[in-house]
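On a predicted model such as this, the values are computed, not experimentally measured, just so you know. In what follows, residues are counted from 1 in the order of the sequence shown.
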Amino acid sequence: QVQLVESGGGLVQPGGSLRLSCTASGSASSTVTMGWFRQPPGKQRELVALIISGGIANYADSVKGRFTVSRDNAKNTVYLQMNSLKPEDTAVYYCYHPFSSWGQGTQVTVSS
């Protein structure tokens with residue numbers, strides 16, 4: 001099973017930025033769709049963004065224009081650049097990989 005290592009969460013003020021990273025074990029990761037989900041407090045997990053191996057990405061409407069997902073296939077790593085963060089972006093962010101279970105996630109808190 002593929003192992004995921006997520007990092008980059010933290011506490012940020014509204015309007016700030018954070019960059020999340022997720023590195024997957026195994027060379028096959030460069031050919032699969034990867035991305036990010038999040039689970040806000042008291043709510044269900046929801047899609048944030050997905051990116052195919054060729055680089056085409058899809059985003060949730062709530063993050064379009066503010067978040068950018070990218071990947072480095074050579075490093076089996078997917079990134080999530082989050083700009084103009086809002087308090088409603090507060091959530092545990094989980095990396096998605098089709099051949100992996102959900103990991104621990106990384107906490108993002110947007111608060112003044």
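- In terms of hydrophobic clustering, with Ile, Leu, Val, Met, Phe, Trp and Tyr side chains grouped at heavy-atom distances under 4.5 Å, Leu47 and Tyr93 are assigned to different clusters.
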**OP:** Decide side chain to side chain donor-acceptor pair (under 3.5 Å) for Gln1 and Ser101; before the verdict, give the C-alpha distance in whole Å, the side-chain angles of both, and the deciding distance to 0.1 Å.
**Re:** CA-CA 8 Å; Gln1 187 173 358; Ser101 302; 2.5 Å; yes
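- With contacts defined as side-chain heavy-atom distances shorter than 4.5 Å, the pair Glu46/Pro40 qualifies.
- With Thr106 contributing its side chain and Glu6 its backbone, the two residues share no donor-acceptor pair below 3.5 Å.
- Note on Val63 and Val12: same hydrophobic cluster, where clusters join Ile, Leu, Val, Met, Phe, Trp and Tyr whose side-chain heavy atoms are under 4.5 Å apart, directly or indirectly.
- Distance alone, capped at 3.5 Å, places no donor-acceptor pair between the Tyr79 side chain and the Asp72 backbone.
- Counting only distance, with no hydrogens or angles, the side chain of Ser21 and the backbone of Ser7 share no donor-acceptor pair below 3.5 Å.
- Ring-plane geometry between Tyr94 and Trp102 is classed as perpendicular, the angle between the planes exceeding 60 degrees on a 0 to 90 degree scale with a lower cut at 30.
- To the nearest 0.5 Å, atoms CG (Leu4) and OG1 (Thr77) are separated by 10.5 Å.
- For the atom pair OG of Ser70 and CZ of Arg19, the computed distance is 6.0 Å after rounding to the nearest 0.5 Å.
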Original post:
Run the ring-ring contact (aromatic ring centres under 6.0 Å, His included) check on Phe67 and Trp36 step by step: do they pass?
Top reply: CA-CA 11 Å; Phe67 291 12; Trp36 296 90; over 10 Å; no
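- The structure places CZ of Arg38 at 13.5 Å from CZ of Arg45, a figure rounded to the nearest 0.5 Å.
- With values rounded to the nearest 0.5 angstrom, Ile52 atom CD1 is found 8.5 Å from Asn58 atom CG.
- Remark: Asp61 engages Lys64 in a salt bridge, criterion side-chain N to carboxylate O under 4.0 Å.
- Counted by atom type alone, Asn76 and Thr23 present zero donor-acceptor pairs between their side chains at under 3.5 Å.
- In this structure the side chain of Leu50 never reaches within 4.5 angstrom of the side chain of Val69, judged on heavy atoms.
- Atoms CG and CZ, from Leu85 and Arg66 in turn, are 6.5 Å apart once rounded to the nearest 0.5 Å.
- When all heavy atoms of Pro41 and Ala91 are compared, the closest pair comes out as CD-CA, 4.5 Å.
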Original post:
Can you list the steps and then say if Met82 with Val48 is a side chain to side chain contact (heavy atoms under 4.5 Å, CB included)?
Top reply: CA-CA 11 Å; Met82 305 184 292; Val48 177; over 6 Å; no
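- Formation of a donor-acceptor pair under 3.5 Å by the Asn73 side chain with backbone atoms of Ser53 is found in this model.
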Original post:
Can you list the steps and then say if Ser111 with Thr90 is a side chain to side chain contact (heavy atoms under 4.5 Å, CB included)?
Top reply: CA-CA 8 Å; Ser111 175; Thr90 296; 5.9 Å; no
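- Counting non-hydrogen atoms of other residues, nucleotides and ligands closer than 6.0 Å to CD of Gln81 gives a total above 12.
- Between Val2 and Ala24, the shortest heavy-atom contact is CG1-CB, 3.8 Å.
- Linking Ile, Leu, Val, Met, Phe, Trp and Tyr whenever their side-chain heavy atoms come within less than 4.5 Å leaves Val108 and Phe37 in two separate clusters.
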